[in-house]
Amino acid sequence: MYDLIIKNGRIVDGTGKDAFLGDIAITDGKIADIGILDEKQALSSIDAKKHWVTPGFIDPHSHADMSLLVWPQNEAYAMQGVTTLICGNCGLAAGPIGDETWEFWCWEYKSVNRVHKTIFQPYTFQTDAKKMKEALKEDYHLDVTWKTLGEFMDIAEQKGFSCNYYPLSGHNHIRNAVMGCAQRPATREEIEQMKALLYDDMEHGSQGFSTGLDYLPGRFATMEEILELVKVVAEYDGVYNTHVRGFDPENPQIPNRLYGVREATEICRRTGIKTNISHMSSLYSYSPSINEEIEKQIARASVLELEKGWREEGLPMMYDVIANPSMGGSTIPYLISLLRPWVLMCGSIENFIDKLAYDDFIEMMKEQVKGGKAMMLADKEIVEMIYIEQCACLKYSNKSLRQIMEEENNDDLIDILINIVSKDAYTTMTFRESGGEDTVKILLDSERSMPCADGFSFNLETEMDLPRPLNRLPHPNNYCFAIRYLLNYGPQRFEDKIRQMTKVPADWFNISDRGTLEKGKWADIVILDKDHLRTNEDPVNPGKAPDGIDYVIINGKITVDHKKHTGMLNGKVLRKIHK
């Protein structure tokens with residue numbers, strides 16, 4: 001007798017083959033049989049009539065390890081059908097943890113705000129480790145007792161979580177453990193110490209290595225340092241995920257994403273390691289923005305040129321793409337949060353709006369921006385990336401800050417922000433990458449691409465920061481990137497879309513026992529109503545599960561049942577097994 005039978009489903013097995021009608025039997029967490037199983041008995045059954053049955057989706061770029069112990073139900077992922085998370089990306093992993101400095105993990109904004117008290121620069125990648133551990137225990141009941149990645153994996157296994165966790169080692173954490181916050185190239189001795197930590201990670205089951213070369217302290221690493229570490233991973237037949245540099249080290253003030261891609265290509269060329277470029281976007285940025293059609297043509301041409309070169313050389317290279325032009329992990333939904341420092345000074349929204357009547361207050365704001373106090377407002381690309389969503393003054397809605405500047409013939413960003421928030425303090429906004437939806441579609445059309453969330457393992461009720469409207473929230477993409485992909489991107493044929501989210505990442509990351517529906521493989525399964533898929537994304541209230549995902553089964557256990565998490569913590573740490 002089987003544990004569970006899924007009956008009458010339209011099975012999409014993940015290989016790209018045509019869907020077929022049939023049943024799937026599950027025993028001891030694995031697929032025991034597939035076919036017409038009318039005469040077979042099971043302890044329980046699901047009638048999947050008029051539904052599609054697919055492998056569980058795999059997110060190739062997740063930061064869920066950062067919050068795995070805080071929100072172990074992984075609701076944001078599980079409720080959209082994601083069953084396996086490739087973690088430790090952007091050089092940010094769960095360990096090693098240095099004794100002196102804490103590497104910002106991107107979700108603990110509440111704790112950072114209490115430990116690193118500053119009005120103008122509230123978020124830092126490095127702060128006092130002891131104080132942060134105390135704050136995390138108070139804010140999230142998280143007791144940070146581990147020091148290494150291997151120890152974190154042990155603790156995670158003991159506590160339990162819902163989705164499968166695939167660990168990568170993080171360069172920024174390894175470098176921080178050896179060099180602290182040093183903003184310089186590593187010495188030969190320091191590189192050897194980093195290699196020793198990486199060897200320890202690999203021996204304890206890490207599947208590979210990641211870099212975040214725009215972040216501290218990784219941005220100060222030379223290519224030679226990265227090469228030495230990647231060679232360690234290559235010895236274990238691991239993988240390399242890289243958030244590439246967005247600048248040329250000889251001209252760090254000038255954006256240059258293409259430099260980083262070329263650097264990653266050279267590392268792949270020299271080592272032969274599988275190299276995945278993280279959250280690929282348009283390789284060029286413009287300020288002011290150029291014609292959208294030209295941007296599309298350049299995006300398409302640059303991708304085709306890259307892939308042609310990789311193909312001709314036989315280089316094992318791919319890239320993941322955030323399935324959303326407004327990016328991934330977290331978001332600040334209200335425009336007034338850009339003026340956060342001065343709102344905090346005034347003590348309330350109302351007091352701040354009143355102060356906008358004083359010329360010297362506005363002049364003070366402008367002088368502080370010129371002095372480099374408000375880092376986000378000093379970013380030249382911000383006027384291209386920020387779009388107004390909803391505003392009581394309708395003439396601003398669905399326009400970029402650049403467009404509004406042009407229409408009002410005013411290139412002073414502070415003036416423009418004041419004009420908008422004085423009319424509606426609760427104006428909402430979104431960030432959009434260069435090229436928008438068109439660029440995302442072009443990138444995800446490629447067979448070398450994989451859709452990703454670049455997100456965390458939030459629960460539905462999660463908030464991250466200050467009260468509304470200065471709050472930072474989980475980006476809606478955390479809850480619906482897989483559905484966004486199915487509805488908007490990738491191949492036209494549904495079976496091919498599913499393959500791109502299941503078998504393709506499973507093969508790439510050497511996950512041989514998942515990614516397709518086959519006898520003997522782990523039963524990570526999604527049962528969905530294709531005609532009723534909806535993202536339900538909402539930047540102001542992001543914690544909404546998508547429609548159309550009726551059941552999610554992870555390692556043979558029902559984890560989601562019609563938008564309700566069953567409480568099942570049946571995920572596994574997918575450690576690399578050394579023979």
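Note: hydrogens, waters and symmetry copies are ignored here, and every other heavy atom, side chains too, is used.
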Salt-bridge criterion met for Lys521 and Asp513 (N-O under 4.0 Å): no

Any chance CD of Glu192 has more than 12 other-residue heavy atoms, nucleotides or ligands included, within less than 6.0 Å? yes

So, Glu263 and Arg245, do they make that salt bridge, N to O below 4.0 Å? yes

Answer yes or no: is there an ion pair linking Lys137 with Glu134, defined by an N-O contact shorter than 4.0 Å? no

What class does the angle between the rings of Trp105 and Trp102 fall in, given that below 30° is parallel, 30 to 60° is tilted and above 60° is perpendicular? tilted

Salt bridge (Lys or Arg N to Asp or Glu O under 4.0 Å) partners for Arg468, two or more places apart: none

Is it true that Ser210 and Asn241 share a donor-acceptor pair across their side chains at a distance under 3.5 Å? no

Under the side-chain hydrogen bond (donor to acceptor under 3.5 Å, both in side chains) definition, can you give me all pairs with a residue in residues 212-222, not counting sequence neighbours? Asp214-His243

Kindly assign one of parallel, tilted or perpendicular to the pair Tyr489 and Tyr485, based on the angle between their ring planes and the thresholds 30° and 60°. tilted

Just how far is it from atom CG of Asp128 to atom NE2 of His116, taken to the nearest 0.5 Å? 11.0 Å

Is the number of heavy atoms from other residues, nucleotides or ligands under 6.0 Å of Lys557 NZ greater than 12? no

Supply the atom-to-atom distance Arg448 CZ to Tyr319 OH, rounded to the nearest 0.5 angstrom. 9.0 Å

Any carboxylate oxygen within less than 4.0 angstrom of a Lys/Arg side-chain nitrogen, looking at Arg262 and Glu266? no

One thing to verify: whether Glu157 and Arg575 come together as a salt bridge, which I'm taking to mean a side-chain N less than 4.0 angstrom from a carboxylate O. yes

Do Glu228 and Arg188 pass the side-chain contact (heavy atoms from CB on, under 4.5 Å) test, and can you show the C-alpha distance, the side-chain angles, and the key distance before you say yes or no? CA-CA 10 Å; Glu228 286 295 301; Arg188 169 50 57 183; 3.5 Å; yes

Asp454 and His63: side chain donor to acceptor below 3.5 Å: yes

Determine the sole option in Thr211, Thr271, Thr275 for which the side-chain contact (heavy atoms from CB on, under 4.5 Å) test with Val230 is passed. Thr271

Would you say the side chains of Arg484 and Thr535 form a donor-acceptor pair under 3.5 Å? no

Output yes when Lys133 and Asp143 qualify as a salt bridge under the 4.0 Å nitrogen-oxygen rule, no when they do not. no

Flag side-chain contact, heavy atom, 4.5 Å: His61 against His279: yes

Side-chain ion pair, Lys110 and Asp139, N-O less than 4.0 Å: no

Report, as yes or no, whether the 6.0 Å neighbourhood of atom CD on Glu235 holds more than 12 heavy atoms from other residues, nucleotides or ligands. yes

With a 6.0 Å cut-off on ring centres, are Trp71 and Phe458 close enough? yes

Could Lys195 and Glu190 be called an ion pair, given the rule that one side-chain N must be under 4.0 Å from one carboxylate O? no

Should the pair Asp237-Lys274 be classified as a salt bridge under the 4.0 Å nitrogen-to-oxygen rule? no

Gap between atom CG of Asn555 and atom CG of Leu569 - 0.5 Å precision: 12.0 Å

I'd like to check the side-chain contact (heavy atoms from CB on, under 4.5 Å) partners of Cys163; sequence neighbours left out, ordered by chain and number. Asn74, Tyr77, Ala78, Leu85, Ile554

Would you say Asn164 and Thr84 are linked by a side-chain donor-acceptor pair, where the criterion is simply a distance under 3.5 Å? yes

